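Report on the structure given below.
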2 protein chains.
Amino acid sequence: MGSSTGGRPPVMADVAKAAGVSHQTVSRVLNDHPNVRAETRSRVLEAIDLLGYRRNMVARALVTRHSRTLGVVSFDTTLYGPASTVYGIEQAARDAGYFVSIVSLRTIDRAGVRDAINYLIEQGVDGIVVVAPQRSAAAALEDLSPGIPIVAVEGGHSGQVPVVCVDQAEGARLATAHLLKLGHETVWHVRGPQDWLEAEGRVEGWHETLSTAGREIPEVLSGDWSPRSGYEAGKRLATMAGEVSAVFVANDQMSLGVLRAFTEEGVRVPEQISIVGFDDIPESEFFSPPLTTVRQDFGAVGRHSIDVLLGQLEEGAAKVLERFVVPPDLVVRGSSAPPGA
Amino acid sequence: MGSSTGGRPPVMADVAKAAGVSHQTVSRVLNDHPNVRAETRSRVLEAIDLLGYRRNMVARALVTRHSRTLGVVSFDTTLYGPASTVYGIEQAARDAGYFVSIVSLRTIDRAGVRDAINYLIEQGVDGIVVVAPQRSAAAALEDLSPGIPIVAVEGGHSGQVPVVCVDQAEGARLATAHLLKLGHETVWHVRGPQDWLEAEGRVEGWHETLSTAGREIPEVLSGDWSPRSGYEAGKRLATMAGEVSAVFVANDQMSLGVLRAFTEEGVRVPEQISIVGFDDIPESEFFSPPLTTVRQDFGAVGRHSIDVLLGQLEEGAAKVLERFVVPPDLVVRGSSAPPGA
DNA sequence: ACTGAGAATGTTAGCGATAACACTACCGAA
DNA sequence: TTCGGTAGTGTTATCGCTAACATTCTCAGT
């Protein structure tokens, strides 16, 4: 590749010299300016190819004040939900011609989120998506230095930034109503961890559906999203097998734990107890029995968050603080059936 | 925040004026140069705080020629393996004071990988980690424009770049030997997709262990990592329940599918057939029965890849092209037992 | 008091690109 | 012929920072 540039990678001036034009003309070719003669353009392109020239985006970003890079702040991208969301965001960003820089927090707290955001701003990102599924993370969005567009995914309606999220309460309503419609007297619930907004939303939808239907509202069991915590909840539910006929579990991983506990305790699903999960991870279809669950469209969440972000970027700060809600779907499989079936 | 900078974000010169020093002194404070009087330093820091100044890393990168950003090229970061690897890389990079820019490919082919790498180089990353678990991706590393350190994770020994990976063959040996030791005559295998190096490595270790032990080598079944493909393989294996007593499945998701198929066909695990998986995803412990599997330490892979990359960065190109292998572990659970137990 | 070595600070010159403006052709209309 | 408009190109300034060198200050040793 690079010849006659003395070892160092070629810069625009080298291309200009090789093509016999000014560096500005090279810049025009690179940026598709209309006022360049076709012959000149091809001569420049030839020189670029010959020298193996690559534009220095850092220098470009310095003068244009745009890096065409977006920042993403997330939490534990090993979990299916966050991983899928981040993937969706990355794909949507790239389709829009943007790069993605990721900061994956180990623990989420106000300071961590704020630091991550500052870190990204220093790096010169044009906008930031914060995947903030926890109350404490959402809170961190309250005290923000303005000046850069931010979108929260799965965050609360903090009022400070636009939010894109799946309608958790609606998903819980679908799940609970499905079980009631099958004929169950009431529905038990294994909720997610306290600090998570998604867990709250699911409790809310479940609670609302039961009370609207005038049903008894059982004590809520708690988990931390992990299969193990579901297993523990399942052990407790198994001891109450007489009074429990249907359980709405706040995610699929915990559902797996509940199923395992039931299997160990000889509780048959769905004959004795029906189970509905949440997320529709790829494994759910192959649980024993296959899990009825609520599917979230993470790809849509990613795309919308990028849409909103780029909207802010292009239309300036005057943009309305929207709240974009993606509807979930119920996927019915073998883990739910009429009581005593 | 920012006052007296006329609306625009403050720059170093603004801080300098506010502190009554030159911008160079501000730079020195920011870069922890020794030759700054303590009193001056604190005056500068005060001004920084007062103005809400944030250093422009883009300008800094332009002059230092280092962005302190690393690029990661990956494939389908929704899968547990890649997601965990990327997470490990990101954490290790941040601990080392580096940012991470991610390009997540939808499909992996030579052109895609090369474009992604060029894309990242243009962006000014200091080095690149390519998570290239497929043969075609590894091939893309052959024809590389040099000039920037690259490390392959899970890639083949292409000879062009250093590689960090888990010893797949060793994991397969552990799994197969475990089943033989339990007393099984031979071990069947459900392999991963053709193009994947990990799938090849696992086949290799399995095959080698069987032939070393002088056992018959059964026909290999194929899957694509998905639970569904495991399910289909499981259906076939169930029809041969008489002659099959042990199966080594190339990942945990497929193992789940196999388990599901066996459950449907009334094949009991581990009484009739033992199963060993690979990966140790968080769900495996709660399968029915809990899955014996091979654990990969993705965190270690991430850390080592960053180590190698930074090593290249700091010690120049003279670095040896190493191959760093992380050993896997066997995790014994309920899905494996002596034959006919 | 004088000197010289270092510490502490300031000044100038880029990094590699784009923006803004200046300039040269060339065209058709007056 | 003269003029104005526009397509095509070049020149200069600038983005915000650090490197390199220049300068001033401080203080011990004579």
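All chains are named by letter (A, B, ...) in the order of the sequence lines, taking the proteins before the strands, and each is independently numbered beginning at 1. Small disclaimer: the values here were computed from a predicted structure and weren't measured. Heavy atoms only: backbone and side chains are in, while hydrogens, waters and symmetry mates are out.
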Discussion item. Measuring from the side chain of A/Ala59 (C-beta onward, heavy atoms only), which nucleotide among D/dG10, D/dA7, C/dG16 has the closest atom?
Written reply: C/dG16

Discussion item. In the structure I gave you, are the side-chain heavy atoms of B/Tyr87 and A/Ser104 within less than 4.5 Å of one another anywhere?
Written reply: yes

Response to the item:
Comparing A/Val63 with A/Arg28, nearest DNA chain D nucleotide closer to 5' gives the residue A/Arg28

Practice prompt. Return no unless some side-chain N or O of B/Asn31 is found under 4.0 Å from OP1 or OP2 of D/dT18.
Written response: yes

Item to complete: To the nearest 0.5 Å, tell me how far A/Leu309 CG sits from A/Tyr98 OH.
Response: 8.5 Å

Worksheet item: Just by distance, with hydrogens left out, do B/Asp109 and B/Ser136 show a side-chain donor and acceptor under 3.5 Å apart?
Response: no

Item to complete: Please state whether the phosphate of D/dC15, meaning OP1 or OP2, lies under 4.0 angstrom from any side-chain nitrogen or oxygen of B/Asn56.
Response: no

Worksheet item: Any donor-acceptor pair under 3.5 Å between the side chain of B/Arg65 and the base of C/dG16?
Response: no

Discussion item. Tell me the bend of the helix from C/dA1-D/dT30 to C/dA30-D/dT1 as the angle between end helix axes, each from five pairs, rounded to the nearest 10 degrees.
Written reply: 50°

Practice prompt. Establish, with yes or no, whether the OP1 or OP2 oxygen of C/dG10 is under 4.0 angstrom from a side-chain nitrogen or oxygen of B/Thr25.
Written response: yes

Worksheet item: Does the side chain of A/Phe99 reach to within under 4.5 Å of the side chain of A/Val125, using non-hydrogen atoms?
Response: no

Item to complete: First locate atom CZ of A/Arg54, then atom CG of B/Asn118, and finally report the distance between them rounded to the nearest 0.5 Å.
Response: 4.5 Å

Worksheet item: Do B/Val29 and B/Val21 come close enough that some side-chain heavy atom pair is under 4.5 Å?
Response: no

Fill in: N or O in side chain of A/Arg37 less than 4.0 angstrom from D/dG8 OP1/OP2
no

Response to the item:
Per atom distances to the A/Val36 side chain, the nearest of C/dA19, D/dC17, D/dT9 is D/dT9

Item to complete: Indicate whether OP1 or OP2 belonging to C/dG16 is found under 4.0 Å from a side-chain N or O atom of A/Tyr53.
Response: no

Discussion item. Can you see if the side chain of A/Arg55 gets near the phosphate of C/dT18 - specifically, an N or O under 4.0 Å from OP1 or OP2?
Written reply: yes

Discussion item. With a 4.0 Å cutoff (strictly under), does any side-chain N or O of B/Thr64 reach OP1 or OP2 of D/dA19?
Written reply: no

Discussion item. Closest approach to the side chain of A/Leu62, judged atom by atom: which nucleotide of C/dA8, C/dG16, C/dT12 is it?
Written reply: C/dG16

Worksheet entry | Minimum side-chain heavy-atom gap B/Val131-B/Val73 below 4.5 Å | no

Practice prompt. Output yes when at least one side-chain N/O atom of A/Ser27 is less than 4.0 Å from OP1 or OP2 of C/dA17, else no.
Written response: no

